[in-house]
Structure formats: structure tokens, C-alpha cells
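This report concerns only the one structure given below.
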Protein chains: 2
Amino acid sequence: MRRGCEEASDGCHGKFRGFGYRMTLARQSILDVLSRTSKHLSAEEIYHEVYKTHPTSGLATVYRTVELLVQIGLVNKFDFGDNRARYELEIGSEHKAHHHHLVCMNCRRVIDYTDFIEEEVELLSKTEKGLSKKYNFQIKKHIIQFYGLCDKCQ
Amino acid sequence: MRRGCEEASDGCHGKFRGFGYRMTLARQSILDVLSRTSKHLSAEEIYHEVYKTHPTSGLATVYRTVELLVQIGLVNKFDFGDNRARYELEIGSEHKAHHHHLVCMNCRRVIDYTDFIEEEVELLSKTEKGLSKKYNFQIKKHIIQFYGLCDKCQ
DNA sequence: TTAGTAGTGATAATCATTATCAATAAGGAG
DNA sequence: CTCCTTATTGATAATGATTATCACTACTAA
């Protein structure tokens, strides 16, 4: 059974309403696209995917929606160095668990890894505590990325 | 005594020549700016700084040089979510030691921290080894950033 | 039904970055 | 030191991702 935001009746809809936003067809289809893929899509790629089932949606709406989703915390925005923002569902989709990224500096391929995540997150949370106190900084998210060369590009 | 790339006679010059590049006044003044600051400057900010001592240098040259420096590995390029790339010297300047970043999601202020770096780097290098083997991925760099709210923005 | 307002599509505007190209200057050979 | 080759540069046009605008549509609550 697929999990994600396909059925707008679940958590996503509620989250939208909670923030005073409406759940619309456009937003739903964007969430669908994001929950169906395991890739890190750019706004334009999302637009093209959405087009297949909802061809009246415009690119501007994709930008607006995706930015909204980032604000709400349902979506994460990344920069992998290819001059465009890339988006992925925070969690909850069938494809995604908490992970970090390996980015190939040559072909720009991005690999999600979950190995060592436990230890990483454990250390991070310790670090977060220390930093929060020292800098009085309230930490919400972290990003860990490794840059290098993938097997094909070495 | 200042250390950095101010005197083009040192390592930077050599590194340039080694890659077949020339050390020019423009490049030198850009390195000077980067080695003198503790901030994370954008290309335009670098341009304005360079202007003070070398007003004939253009913005395009800053972009070109800074990109070159990133290729050579003398400079790191970051995205802190404010829609422009930011640059800082890898190491070797008086101001910089290996550090990670705290980024305020509200005011976009960036704090460098060196606390816990030892443990972080230690874990990272362990993780790197594992990932390298599993994905046959040759890791060159890592980025760790925490996002949240700084003291003033909470 | 209706008023009020959030959301949308189309498209123009913005702005960081890149490409172009003629002019200039670095560095080696003589 | 001078000349030659070619990397580098400045000015500026072009590109391309993202954002703003605006008239129109569609919810929602009363």
C-alpha cells in the first residue's frame, strides 16, 4: 500500500489546514509527484511530471507550492551545486527515510545513504545540544553532504 | 605577521603555476580580500572589496577567479540559502581553521564553529571510509551545516 | 447566494551567473 | 630588454532560475 500524500485526506491535508492553507489539486499533484519519486527533482522537473496528469498547472505554481512546503517543513530544499534548487519530501513517503547525500562533483549524481546514519545523528544531536547552549542557537535541521567522485567518474 | 596569500611569492603562486595558470594582480587582490576577511563573501561583495585597492577589476573576473580557486581547492563555495554563492578560503588564512556552520533561517547570519569539530571529523572520516567502500565513491570534501534560529531571531 | 480572500496561470521582471570578444598583460625565448 | 604566444581581462550581452504582478477563479464561512 502506498504511503505518502497521495490521498489528500491524510496528514498533509491536515497540516495545510492547520497553517491556514487550502489543499488544492495543484498542491496535491505536486505532493504526489514528490512522494512517488526517489529522485531529487528541480522545480522544472516537478513541473514536467505534474504536467502528465495535471497539464493546466503552471511553473509558477510549482515554485510557489514547493516553497510553501519547505516553510511548512514537509519538503527539504537542497543545493547540489548545479545551479538550481532541488526538493525532496522530508519523510513519510515510501521511498524516503532520514538520509544524507553523496554528491559527485563531476556528473552531479546524488546518492542517498542511510548507512552510519544512527551514529551520525547521535553525534549531531550531541553537537546540537552543545552548540545550542554556547551560541543560544535553536537548531531545526542539519545538512550533511559528502562531495567527491562516483564510481563512474573516478 | 599576516599569513595567507598576500605575498604572491608563497604557496598560492606556486599552486597556480603548477596548474598552468598565471598569477595576476586581479587574482592576487581577490586572494587578499578572501584572506583578510572572516566573513563568507558573495562574488559581488568580493568585487566591492577588491574595488577599494584595485578599481579596474571587473565583476566577471571575480566570478572567473573564484571559480578557478574552487577548482584548485583553495576556496570553498557554500550555499546558505540566500540565492547566491558564498566563498571562503579553504584554510591557511589567519582567520580560518576547519569549521562548520550554523545558519540562521531568519536573518541568514552564519556562525562558524569549531567546537566538537574533532569528534565530528573523526566520525566523518569513519563514515567516509565505509561509504567509499560501499559505493566506491571517492570522497574529497564534506559539508555540515545546522539550520535554525539565532539568538536574536528566536 | 454572496462577500471575502486564497490560489492560479500567464507572463513580465529580476537578478545571479556565464558567454562573448576585442584588447591587454604575463612569462618564456631570444 | 624586446618580442611573441597565449592566458587573462573588462565591458557587456546573454542566459536561465526564480520572483513579482495581475486579472481571474474557486474555496469557505455566513
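In what follows, every chain begins at residue 1, and chains take the letters A, B, ... in the order their sequences are listed.
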(request) Report the residue (B:S42 or B:R22) whose heavy-atom-nearest nucleotide on DNA chain C is the more 5′ of the two. (result)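 The residue whose closest nucleotide sits nearer the 5' end is B:S42.
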At what distance, to the nearest 0.5 angstrom, does [atom1] of [X] lie from [atom2] of [Y]?
X      : Y      : atom1 : atom2 : value
B:F19  : B:L68  : CZ    : CG    : 9.0 Å
A:L102 : A:D115 : CG    : CG    : 9.0 Å
B:T127 : A:L123 : OG1   : CG    : 9.0 Å

(request) Quick one: label B:R84 by what it contacts on the DNA or RNA (base, sugar-phosphate, nothing), any heavy atom closer than 4.0 Å. (result)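 It contacts sugar-phosphate atoms only.
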(message) Applying a 4.0 Å non-hydrogen cut-off, can you work out what B:R64 is touching in the nucleic acid: base, sugar-phosphate, or nothing?
(response)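 Base: the residue B:R64, judged by heavy atoms under 4.0 Å, touches a nucleobase.
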Would you mind reading off the distance between [X] atom [atom1] and [N] atom [atom2], rounded to a whole angstrom?
X     : N      : atom1 : atom2 : result
B:Y21 : D:dT6  : OH    : P     : 17 Å
A:M23 : D:dA26 : CE    : P     : 18 Å
B:D82 : D:dT19 : CG    : P     : 12 Å
A:Y47 : D:dT19 : OH    : P     : 17 Å
B:E67 : C:dA16 : CD    : P     : 16 Å
B:Q71 : D:dT8  : CD    : C1'   : 17 Å
A:F16 : C:dG7  : CZ    : C1'   : 12 Å
B:R27 : D:dT9  : CZ    : P     : 4 Å

(message) Looking at A:D151 and A:R109, is any side-chain nitrogen of the basic one under 4.0 Å from a carboxylate oxygen of the acidic one?
(response)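 Looking at A:R109 and A:D151, the cut-off is met.
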(request) Have a look at B:R86 and tell me which of B:H101, B:E45, B:H40 forms a side-chain hydrogen bond (donor to acceptor under 3.5 Å, both in side chains) with it. (result)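 Exactly one pass, corresponding to B:E45.
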(request) Please work out which residues in residues 48-63 of chain A have a non-hydrogen atom less than 4.0 Å from an atom of DNA chain D and list them by number. (result)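 Of all residues in residues 48-63 of chain A, the ones placing a heavy atom under 4.0 Å from DNA chain D are A:A60, A:Y63.
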(request) Among C:dG7, C:dA26, C:dG28, find the nucleotide with the atom closest to the side chain of B:R17. (result)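 The answer is C:dG28, which lies nearest to the side chain.
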(message) Checking contacts here: which listed nucleotide (C:dA25, C:dT8, C:dA16) is nearest the side-chain heavy atoms of A:T65?
(response)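 Selected nucleotide: C:dT8.
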(request) Nearest-nucleotide wise, let me know which of B:A26 and A:L25 is further upstream toward the 5' end of DNA chain D. (result)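 By nearest-heavy-atom nucleotide position, the 5'-most residue is B:A26.
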(message) Looking at B:T65 and B:T61, would you say the former's side chain and the latter's main chain have a donor-acceptor pair under 3.5 Å?
(response)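 The answer is yes, because a donor-acceptor pair under 3.5 Å joins these two groups.
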(message) Pair B:E119, A:K126 - check salt bridge (charged side-chain N to carboxylate O under 4.0 Å, His left out), show working.
(response) CA-CA 10 Å; B:E119 291 116 296; A:K126 195 178 118 200; 3.3 Å; yes
